[in-house]
Every structure is written in structure tokens, then in C-alpha cells.
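The block underneath contains the structure these notes are about, expressed in C-alpha cells.
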Amino acid sequence: MMKTLATIFGALALMTWSAAAQEGPVPATAADAQPALAAPAAIPAVEVQPAAEIQPAAPAAEAVQAEQTASAEPKTAPLSMVEVILFCVVVVGVIALGIWKSRDPEETEEEKKAKGASDYFLAGRGLTWWLVGFSLIAANISTEQFVGMSGKSANWVGMAIAGYEWLAAITLVVVAFCFLPKLLKGGVYTIPEFLEYRYNTLARSLMAIATLLILVGVPTAGVIYAGAKVISVFFTGYSAMGIDFGNITVGCVIIAFCATVYVFVGGLKACAWTDLFWGAALIVGGGVVAYFALTELSGADPNHLIQSAAANSGATVASLGNPSDSLWHGVTRFFELNSGDAASGVNTVGGKLHMIRPADDAEIPWTALCLGLWIPNFFYWGLNQYIMQRTLASKSLAEGQMGIVFAAFLKLIIPFVVVVPGILAYNLYRNDLKEQAEVKYAAEIRKTEDPTAVKGRPVIYKLTDSFLVENVEEGCAHAIHNAEVMKVGEDVMANLKQACADLKADAANDQTTLAERAPFVEKIASLNNKIIKPAVDNSDNYYLTDTLVGFDYDSAFGTLIRKLLPGTGWTWFVLAALFGAVVSSLASMLNSASTIFTMDIYNKLRKNAGPTELVTVGKIGLLVCAVIALTIAPFLDSPAFGGIFNFIQEFQGFLSPGALCVFLFGFFVPKCPRIFGWLGIVINALLYGILKVWQPEMAFLNRMAVCFITVVVIGFIFTAVNAARGGQPIVLPDRGVVALQSSSRAKIFGWLVVAATVALYIIFW
């Protein structure tokens, strides 16, 4: 196995060295990446393109030219030879340590066979609290967060996306003392297994199949894509041995292969030990990137920075002050650029430093904090197999509780090393994020060189607010084209043309602000959505483009690494932490998927299977799951998914509200009838799908809340009917797998974490 790993990383080192040999490392500054754009000192927070930049001759030609310009950008070596060696030594060394620690040299072959499934899937139920805590964080905080969450914060959402992290701290404390005792009492291998323990076999089977499909198709594929996104952005334009490292598919293959080999051999115990290192390295690495970004912000040209200021922040070129090398100056600039009241609309129309956003916000309205945001949090941290598998592997309840509370404390730190850098990426490298989007636009335009039809179907352009803001002429031309194809009435066409004329006039006036432009953009986007709805509903007769966006926000963190770290000596460390974490996180997901397939599906079909057979089947299932996830991952680069973070959170809504209801009733309502175990999951999936189709404009967190409340009401009705019929409470036996004494120390620290979370919400209200 060690020979295989050495071969893999030796090849990677050779490829990277070949690219690095082209030039020596040259750090890129904000000024190098983007020329300063002049802005009147007296005009606050403008995001206006000069009229000369808004007059493209031909949309397709400009888009292709943008792609050629991006690809022609001077290439500097991303890593020096020393950094390549350090990267490979650290990654191979930590993974090798994890595999070594997963083996017990004193165990006989008979003992290994006897322990079999427990050892491979649950690390022999012997994890201590510090292994549980770091493993939870490393499994959770991977490129999925560094790419998806930083991308969301770069957009208008800003700090509000940290709600997933800070509310998770409270969620974890509740899980430690309310969920974990119930699960450990049942001695279960998997979360679905509890449903058979409490309800019936049908409930377990349904939950297992749904969990397996979502786990492989959504978070696992999402993590592969997110890791590949960092690789492709960082290595844009670099090739070695005929391999284009800027290709998203190449990155997906590298990451999926390394993770599969790793978990295939070591199982969960290998993941837990390596997570100890990657969890700590991720937090340090994120802090390093935030430090360099703030330092770069302090020295950036204020004429450039004002372009990314919140429209209601009151920031001006003069107030931002002269560039300096003071870290504190970077901090004050950060707050000045992104302050102002929260407002819905296009990016920078409002401040980004608020946890509470307007009720009409498309992503995280304040109403979601009442219920909607808690649903994915409780499902993820309390009922998600690849997360809870660590706590199910705890040596005892007390160890598990301490580990969870420790992870809750670490969650409070995460937004400062993930979310803040995302906001800084937009402040510093707004133009780079735009260029990444233009490359995608160029690729889409090539498919539609004949704007009238593709393969005999009329072309329909799907537009966003951000695309209309950044591409006024093209956006208006596409909207009018859509109206002509859909043969709208004269009144609708007149309204659309007038809205386009108003937007063009506003864009040509360099004295207007983004806040004043937003209504024109929103009107066109709204009209376009209504115009193309029949085409979206009848897509077989039309060619629908990918959703056109103004910025590629998922490239935010990768852009920060590419622009800030080369030449600092930190590049290898941050890349090693990210690469190791994504491989470890992915390995954990694949291990969990194989556990569900083996214990909840195969073991039910073949009840006499021995421990060795179960491990073998688990490894085969792992390979199949890895291939499926790898097949899906490259397609997630499409803007149609609205960013990787949205994709993962929204699609889990088909399961999370209903499953959470079923488990809550199973934990705390003894007279809830067994039929509710599968019925609640089915009702939620149907209702969520109906709302997604008929109310697509509803924020998915609000959609989750509606489903959750509906299933809870149905659960209480079934419970009341069962009680009225004389139904007896269901008593769950203690299977005696681990000690169930609770930790008083964990309770004290748990209350401290809750208090700290409340304080952070008050500070960033």
C-alpha cells in the first residue's frame, strides 16, 4: 500500500515540478492583477463601469476574447521545487500515519476477523474525545466550505452564511446531550439502523436508500468538485505530461482516486487519525490566507477598492485612506467597505457584515433563523451518517459528548477563516471573479454561435441580476431575443425595451450608484424569468443555456491562494491542508456510504454474512460509490446549480426535514406509532418536490420549514390516534455496547459555547 501511495504522489510531484520549472515563483499583488479604476472621490460606494467598457461590438466575440485573454495571462510557477517536496512529504506522511495507526500489530488474524466490521466501519468503537472533535471538524470543514461558503460570502450574502457555522455550535451541544445518548444506547452502526430499532425494517430501508443516494450524489460529488475547483483555479493554464491541471475533470479524478485508495485500506480509524492533523492544519491555513488578504487590502489602491464597496456603506476613496502595510489598516478598510444596512438585490447593494438579513432575501432571510436554518443543522450534525459515524465510534458517551462540545467550540472560529476571506476575495479580486465567469460565458456562447437555434431548437438565455449588471449590452440583447422567440405581447415587449433603455442610460452615467441601478436590473431579470418560464417548463422544444452569471464566486478562495500565497513560503502548507482535508473528508463520506450499503442493505438481504464478508462487500460498495460520485462531480461546475453550497444544502431538503421529524418522534415520543417511521420521510419528499416545482422563488430554507411543520403536525395526529386506541409506549432496550454515563464537564463547556454564540450574533447583528 505504501508503495502505491508513493507512486501516486511521486507522479503528482513530477507533474507539478514540470509546471514549476517553467518560471520561478512570482507573487501577484492586487495591483498586478487588476489596474486601478478611477472613481470620483466624492461618489460613495459606486460599482460602475465606464461607458467605454459597456459598448461591446458583438457579445460572442467579446466573450471569446475574454476567454483568450484569461488563458493568455502570464503564467508564473505556482510552487517551487522545495514546496513541491514539502507538499508531497506531508500529505503522504500523514496519510501513511493514518493507515499505520489503523493497524494493531499485536492483533492476531482471528481477532481481526472477529472484530471485522466494527473495526473497519467504526474504528473498533475506541475513539477518544479529542479524536472525535478534530475528526468532526475535518470531516465537515473541507473545500466544500472553503469553496462553497467563501463563494457565498463573496456574493451579497456576506457574513450571514456563517449562520450555518455558529448555529451549528448550539446544534452540536444539543446533539451531544439529546441525540447521542439515544443512538449509543441502541449500539447502532448506522443512523438508518436506529429506525428499525425504534420503528420497523421498512423505515430503516427507506432511510438507508435515500441517505445513500443523497450522500453519494450530493455531498460526496460536491466535495470532489470543490476540491477540484481549488486545483483548477490555482493551476489555471498549467500543463504537465500532457495533463491540463486547470481542467476541472482532471482535478476530480486526482482527488477521487487518492481518497478511494486511502479509505479502501484504512477504514474509519485511518480517517480519524489523519483528521486530527488536517483539522488543525485547515484552521491554521485559513487563518494564514485571511492574514495575507487583510495585509493586501491595507496596501491596495482605494480607487480599485471603492468598486466593491457596499452602496450604503458611506465609503469613499478619501475615507479609505492611502495604502499602507499596516494589518490594522486592512481591518478598518474591511469594515468600512462592507458596512451598511443589509439589503436584498445584486451584490454590494447592501452591507455584508450582518447575520440578520431582510425577509425577502433569496438565500438566508431572517425568517429562516426561526426554524428553516435549524433543520439542515440538526439533520447534518445529528443524523448525517458520515458525521455521526465519528460519534458512534466513541469509546463512551462521556468521550463522545466532550468530543462534540470541543467541535462546537472550533465551529465558532471557522467563519473567521472561511467567510471573511470570501468577502475579502470580492474586495480585492472582483475583476478576477468576473473573468472566471466570462470564460464560462465564452464556452456557452460557442455552443450558440447561431443565436436562433441549436440542433433545431430556439435558443433561450437564462439570465441573473449579476450578469445584467456586469454585461449590460449583452444582457439586454439576450432578454429581448428571448421575448422575440417567445412571441410576447406588445405591452410586455414595450416594458422590456423601456427597462433596457433605462438600464443602459444608468450604466452610461458614471455619477450613479449600484443602489440606483439595482431596480432597473431587477425589473429586467423579473420580466425575463416570466417570459422564459414556458420554455423552462417545456425544455424539450427549446435550447436553454446555462445560467449566465456576472461572477464565478466558487473560485473566490482558489483565487486568494493563487494571488496571495506564491512566494510567501506558505503555499505548500495551505495546499497540503486543503488537499489532505478534502481527501480525508471524501474518504469519510465514502466510508459512510459503504457502511450504509453493507450494514443497512446487504446485511439485511444476507443475514448470515460474516465479518470478513461484510468488510469485503463494504470495499466493493466503496469503489462503486466513488465512481458514481466522480461521474457527477464535473457537471457541478455549471452555474445552473447556483454554487456548490446551495446545491448541497438544497437537495438534502428532500430528506432532512422529514427524517429529522421521524427521529425526534422516535427519540422523545414513545407512543408515536411505528408506521410514522417511513410515512414521515415519504410525505416530506413529496411535499418538498411539489413546493420546489410550484414555488421555485421560495427560499429553500423556508421550504424546509413548511415541510417540517407539516410532518410534525401529521406526527402528532398519528400519535394522538394511537394513544386514543390504547397504543402502548415503545421502550427501547439498552444494548450495552458502550458506557452511557454523561459528562458533567462537557455540560459546563457546552453552556459556555452557547453563550459565546449568542455574543457573536449580537456583535454581527
Side-chain angles (χ1 to χ4, degrees), residues 47-49 54 56 59 63 152 154-157 311 342-350 357-365 433-434 437-438 440-441 444-445 448 451 459-486 488-489 491-508 512-537 539 542 544-553 638-643 646 695-700:
E47 185 177 344
V48 180
Q49 296 176 339
I54 312 176
K152 281 297 175 186
N155 204 344
W156 82 83
V157 179
S344 297
V346 295
N347 198 359
T348 69
V349 73
R357 296 196 58 80
D360 61 349
D361 188 84
E363 294 286 345
I364 307 180
L433 304 185
K434 181 181 177 182
E438 287 171 348
K440 292 184 179 181
Y441 176 47
E444 189 63 30
I445 287 297
T448 59
V459 176
I460 294 294
Y461 294 93
K462 297 165 70 176
L463 308 175
T464 61
D465 289 359
S466 68
F467 183 83
L468 287 163
V469 168
E470 299 300 322
N471 305 274
V472 174
E473 292 287 343
E474 298 97 317
C476 288
H478 292 333
I480 292 174
H481 164 84
N482 290 341
E484 291 172 346
V485 170
M486 301 307 297
V488 300
D491 290 344
V492 175
M493 181 63 83
N495 285 338
L496 179 60
K497 287 184 176 180
Q498 184 58 54
C500 287
D502 292 339
L503 177 59
K504 290 178 182 179
D506 184 83
T512 59
T513 67
L514 179 61
E516 294 168 328
R517 189 181 308 176
F520 303 126
V521 171
E522 291 168 0
K523 184 175 181 180
I524 296 172
S526 178
L527 283 170
N528 185 69
N529 288 339
K530 292 177 182 177
I531 289 169
I532 69 172
K533 190 176 187 306
V536 174
D537 295 339
S539 58
Y542 298 89
L544 300 173
T545 68
D546 283 342
T547 304
L548 303 180
V549 295
F551 300 95
D552 181 8
Y553 292 113
S638 169
F641 292 103
N646 254 30
Q695 295 291 328
E697 71 283 354
M698 179 185 289
F700 73 89

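Counting begins at 1 with the first residue of the sequence.
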Measure across Leu468 and Leu503 and return the closest heavy-atom pair with its distance rounded to 0.1 Å.
O-CD2, 4.2 Å

Of all residues at least two apart in sequence or in a different chain, which pass the ring-ring contact (aromatic ring centres under 6.0 Å, His included) check with Phe520?
none

Output yes when a side-chain donor or acceptor of Thr348 lies under 3.5 Å from a complementary backbone atom of Ala311, and no otherwise.
no

Among side-chain atoms of Asn471 and Tyr441, is any donor-acceptor pair under 3.5 angstrom?
no

Assess whether side-chain contact (heavy atoms from CB on, under 4.5 Å) is satisfied between Lys533 and Asn529, documenting all intermediate values.
CA-CA 6 Å; Lys533 190 176 187 306; Asn529 288 339; over 6 Å; no

Which heavy-atom pair separates Val485 from Tyr542 by the least distance, and what is that distance?
CG1-CE2, 4.2 Å

Quick check: closest heavy atoms across Lys434 and Phe551, and the distance to 0.1 Å?
N-CD2, 3.6 Å

Mind listing the closest non-hydrogen atom pair of Arg357 and Ile364 along with its distance?
CB-O, 3.5 Å

Evaluate the side-chain proximity of Ser526 to Lys530: yes if any heavy-atom separation is below 4.5 Å, no if none is.
yes

From CG (Leu433) to CG (Asn155), nearest 0.5 Å
10.0 Å

Kindly indicate, with the supporting measurements, whether the criterion side-chain contact (heavy atoms from CB on, under 4.5 Å) is fulfilled by Leu496 and Ile524.
CA-CA 6 Å; Leu496 179 60; Ile524 296 172; 4.2 Å; yes

If I take atom CG from residue Asp537 and atom CD1 from residue Ile532, how far apart are they, to the nearest 0.5 angstrom?
10.0 Å

Between Asp506 and Asp502 (side chain of the first, backbone of the second, donor and acceptor by atom type, cut-off under 3.5 Å), is there such a pair?
no

Does any non-hydrogen side-chain atom of Trp156 lie less than 4.5 Å from one of Val349?
no

Closest non-hydrogen atom pair, Ala479 against Asn528:
CA-OD1, 3.8 Å

Under 3.5 Å donor-acceptor, Asp465 side chain and Glu522 backbone
no

Describe, in one word, how the ring planes of His478 and Phe467 are oriented to each other, choosing from parallel (under 30°), tilted (30 to 60°) and perpendicular (over 60°).
parallel

Can you tell me how far the CG atom of Leu463 sits from the CD atom of Glu474, to the nearest 0.5 Å?
11.0 Å

Does Asp491 CG have over 12 foreign heavy atoms under 6.0 Å away?
no

Please report the closest heavy-atom contact between Ile531 and Ala483, naming both atoms and the distance.
CG2-CA, 3.8 Å

